[in-house]
> 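Here you go, one structure.
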Protein chains: 2
Amino acid sequence: MARSRQTKQKAAVLAAVRRAPHHPDAKWVYEEVSREIPNISLGTVYRVLAALSAEGLIRECRQADGPSLYDANTHEHLHIRCTRCGRIEDVPPVQLPDELLEAVRKASAFAKVEEVRLEFGGICPSCAGIVQV
Amino acid sequence: MARSRQTKQKAAVLAAVRRAPHHPDAKWVYEEVSREIPNISLGTVYRVLAALSAEGLIRECRQADGPSLYDANTHEHLHIRCTRCGRIEDVPPVQLPDELLEAVRKASAFAKVEEVRLEFGGICPSCAGIVQV
DNA sequence: TTCCATGCAAACGGTTTGCAATTCT
DNA sequence: AGAATTGCAAACCGTTTGCATGGAA
């Protein structure tokens, strides 16, 4: 059933995501890993990131605008996104009241609400400090 | 200060979005309007959709995967998305408890939580009826 | 007559993929 | 040996843009 192999690319990508100062995108990871493995390709970075996500070692945060960001924090948590620079920061999970979900289920024709996607937005400290509106 | 002009393309695009059975994407609108205005271009559809959004006549729902969907419902509301077919349906807005937002603000370094992005997922009735897991 | 809107096609950004060569196991 | 993984480059998809033409005001 085709075991996944251990390669230096995979190790380097995982290490890069883990040491990233913020949730990095594929390009950042690529540039970072390139210093170690100069001829690694972007395609490989994407494939490895997908593999690591599938194995549950990292999480992919797909964004409506801009590239996917990768998150080495595998604990349950939510995200707050800077509306200026797009940076994403972790926040602890919150529990939505059950009656709220029940209201949504009733209002829709859907039999069950299986997913709740909750994300926050604001201005991150560094954007707030540097730019004025 | 450069008024926006009235064109048949604009009228046709707005009408198409309004009569769409589900929140349509640009391609659907393009195909629909093409029956009326055979030589309309996809680029124009995108430009008109953007203009209508800016004027507040429709809303654009950017999606992390898949194309933007356009929504003729300008009342405040939320969305539930079918995890199978990607269709989006409207649900009434819900109010998150203030103390929940306050908790998020405190947990993050952000000074203010300005946006709350809340979206639900499930299996839509027609997918539920046709496919079994 | 002005200048915004259109059609066309090329470019874009992020991501995926086909293929032959490589490298784990 | 054999299969998974890599590097490379081309393709992909949704969307945007530059430019010359057309049409609303």
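Sequence lines set the chain letters: A, B, ... in the order given, protein chains first and strands last, and positions in each chain run from 1.
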> Determine the contact category for B:I40: base if any of its heavy atoms lies under 4.0 Å from a base atom, sugar-phosphate if only primed atoms, P, OP1 or OP2 are that close, otherwise nothing.
sugar-phosphate

> Short of 4.0 Å, heavy atom to strand atom, which residues of residues 63-72 of chain A count as contacting DNA chain C?
A:P67, A:S68

> So, B:H75 and B:D90: side-chain donor and acceptor under 3.5 Å apart, yes or no?
no

> Please answer: with hydrophobic residues joined when any side-chain heavy atoms are less than 4.5 Å apart, are A:V116 and B:L100 in the same cluster?
yes

> Going hydrophobic residue to hydrophobic residue with side-chain gaps under 4.5 angstrom, can you get from B:L78 over to B:Y70?
no

> Atom CG of B:L42 and atom P of C:dC8: how far apart are they, to the nearest Å?
11 Å

> Can a donor-acceptor pair be found, under 3.5 Å and without considering hydrogens, that links the side chain of A:K10 to the backbone of A:R5?
yes

> Please determine whether the number of non-hydrogen atoms from other residues, nucleotides or ligands lying under 6.0 Å from atom CZ of A:R19 exceeds 12.
yes

> Do A:S126 and A:R87 come close enough that some side-chain heavy atom pair is under 4.5 Å?
yes

> Please output the side-chain donor-acceptor pairs of residues 43-55 of chain B that fall under 3.5 Å, not counting sequence neighbours, one pair per line with the distance.
unit_1	atom_1	unit_2	atom_2	d
B:T44	OG1	B:S41	OG	3.1
B:S53	OG	B:L49	O	2.8

> Is A:W28 reachable from A:L69 through a run of hydrophobic residues whose side-chain heavy atoms are each under 4.5 Å from the next?
no

> Quick check: closest heavy atoms across A:C61 and A:D71, and the distance to 0.1 Å?
SG-CB, 4.1 Å

> Does B:T74 reach the main-chain N or O of B:I58 with its side chain, forming a donor-acceptor pair under 3.5 Å?
no

> Hey, is the main chain of B:S108 close enough, under 3.5 Å, to the side chain of A:E89 for a donor-acceptor pair?
no

> Based on the rotation axes of five pairs at each end, what angle does the helix from C:dT1-D:dA25 to C:dT25-D:dA1 bend through, to 10°?
30°

> Could you report the tightest heavy-atom contact between A:F120 and B:L101, atom names first, then the distance?
CE2-CD2, 3.7 Å

> Is there side-chain contact between A:K27 and A:P67, with heavy atoms separated by less than 4.5 Å?
no

> Nucleotide by nucleotide, 5' to 3', does protein get under 4.0 Å of the base (B), only the sugar-phosphate (S), or neither (-) in nucleotides 20-25 of chain D, counting heavy atoms?
---BBS

> Do you reckon B:L118 sits in the same ILVMFWY cluster as A:I88, going by side-chain contacts under 4.5 Å, direct or chained?
no

> Take the protein atom CG of A:N39 and the nucleotide atom P of C:dT22, then report the distance between them rounded to whole Å.
12 Å

> Any residue in residues 10-31 of chain A with a heavy atom nearer than 4.0 angstrom to DNA chain C? Just list them by number, or reply none.
none

> Can you list, in residue-number order, the parts of residues 44-57 of chain A that come under 4.0 Å of DNA chain C, counting heavy atoms only?
A:Y46, A:R47

> Quick test of your reading of the model: are A:E115 and A:R117 salt-bridged, counting only N-O distances below 4.0 Å?
yes

